[in-house]
Amino acid sequence: MSVALPLPPGSAIGILGGGQLGRMLALAAARLGFDVVVLEREADSPAGRVAVKLIVGDYTDEAALAELAAATSLVTYEFENVPSAAVDWLVTHGIEVAPGARALAVAQDRFEEKTFLNAHGVPTVAFAAANTPDEAVAAVTALGAPALMKTRREGYDGKGQRWIEHAPDAAAAFAELGGVPVIVEAAADFVRELSIIAARGRDGATAVYPLAENHHERGILRRSIAPAQVSQATADQAERIAARVLAGLDYVGVIGIELFEMADGRLLVNEFAPRVHNTGHWTQDGCEVDQFEQHIRAVAGWPLGPTKAIAQVEMLNLLGEEADAWAKYAAEPETRLHLYGKRGARPGRKMGHLNRVKPL
Ligand code: AMP
């Protein structure tokens, strides 16, 4: 590692990706005195407009990566589908990238991810990989229908997924998903979806936030309630899971871990994201130090901040034209508005979120 840590204020931090997560990371970094340099494909992006420098280019464009490497010696990312070649290039050229390449590789492949989790004593639904239509049918037969087929790579917000009601249907579903390698998952009969946001510092110290309860619509997060009402046993279980994942990946930064709460109280991990997470947006107005500052602290080698809740929060995503009602929300005394400055309000596009806060 060629970067001297802790990274002092005044240094530059690079972010791969220019979306809203990058924007909120950049704002948090700025508060701590850092300059942010963003590498992003689009010329006009939420993070690009709050960064001191925007490099427009593909993540695998070596000239763009070289420009990033010239501007900073520490790089993080805001989405998990950053090509591993980009991270490899940066690391080879002496740039410190956090979270590391292993976390990224494991999180990019749903089969590798669940295999990693089980190997580290973290429970998931039963699952199987399939590379052909016949293997897909065999996987559903073995796991039992209904089962959920997901592309191993590149799915998000419920995209790249098909429910299979009868095993023979798996062959057509496999083709519909593009004939690419898939994972078939047993259906989780969960009572609630929860998530835990956690962080690990350079020194191995960890911090966890209170759990959030999450509600999705058509595969997209709509609402989080946090801190979620959970038993001490559930909170302890989630913390144990987070500790295993963080240690198993030798992780540095903030991670978002999505959980299924089963009727018997067990928690299964659905997936994790090696980055700040939409279900952690409530921490901006509900916790002592929010997930964005925490991530910057972790990657910069600073001490982690306290994660205690200071308010009860309902986080609502503003999708598409919902963000046009900003004036109404701005007039609500309990509402903290976070808008991403995106240009086109396509249906379902995350344009912003709001945190409605109440005293604990
Ligand atoms: P994912 O893309 O894996 O985050 O899945 C999106 C949503 O689909 C989750 O938030 C769940 O609501 C649902 N889901 C995913 N996997 C399963 C499963 N194995 N069983 C039941 N529901 C699932």
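Both counts, for ligands and for their atoms, begin at 1 and track the order of listing.
- The closest side-chain donor-acceptor pair between Glu258 and Asn270 falls under 3.5 angstrom.
- A donor-acceptor contact closer than 3.5 angstrom links the side chains of His338 and Asp285.
- Contacts between Asn270 and ligand 1 below 4.0 angstrom, taking non-hydrogen atoms only, involve the side chain exclusively.
- Close contacts between ligand 1 and His216 involve ligand atoms 10 (O) [criterion: under 4.0 Å to a heavy atom].
- Neither the backbone nor the side chain of Phe127 has any atom closer than 4.0 Å to an atom of ligand 1 (non-hydrogen atoms only).
- The line from CD1 of Ile95 to CG of Leu90 is 6.5 Å long, rounded to the nearest 0.5 Å.
- Listed by number with element, the atoms of ligand 1 under 4.0 angstrom from any heavy atom of Ala187 are 20 (N).
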Next on the checklist: Please determine whether salt bridge (Lys or Arg N to Asp or Glu O under 4.0 Å) holds for the pair Asp250 and Arg200, giving the CA-CA distance in whole Å, both sets of side-chain angles, and the decisive distance to 0.1 Å.
Outcome noted: CA-CA 9 Å; Asp250 194 17; Arg200 186 163 178 269; 3.1 Å; yes
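- Ionic pairing of Glu261 and Arg266 is not present here: no N-O contact between side-chain nitrogen and carboxylate oxygen is shorter than 4.0 angstrom.
- Distances below 4.0 Å separate heavy atoms of Phe190 from the following atoms of ligand 1: 12 (O), 21 (C), 22 (N).
- For ligand 1, none of its N or O atoms has an N or O atom of Trp163 under 3.5 Å away.
- Legend: residues meeting side chain to side chain donor-acceptor pair (under 3.5 Å) with Asn214, ordered by chain and number and at least two apart, are Ser195, Ser224.
- Short contacts between ligand 1 and Lys150, defined as distances under 4.0 Å to a heavy atom of the residue, involve ligand atoms 1 (P), 3 (O), 15 (C), 16 (N).
- Ligand 1 has a nitrogen or oxygen under 3.5 angstrom from a nitrogen or oxygen of Ala188.
- For ligand 1 and Glu258, the ligand atoms under 4.0 Å from any heavy atom of the residue are 4 (O).
- Comparing Glu193, His215, Glu113 by heavy-atom distance to atom 10 (O) of ligand 1, the nearest is Glu193.
- Hydrophobic cluster membership is shared by Trp302 and Leu5, with clusters built from Ile, Leu, Val, Met, Phe, Trp and Tyr side chains linked at under 4.5 angstrom.
- Here Lys358 does not pair with Glu334 in a salt bridge; the nearest charged N to carboxylate O distance is not below 4.0 Å.
- Residue-to-ligand polar distances place Ala186 within reach of ligand 1: an N/O pair is separated by less than 3.5 Å.
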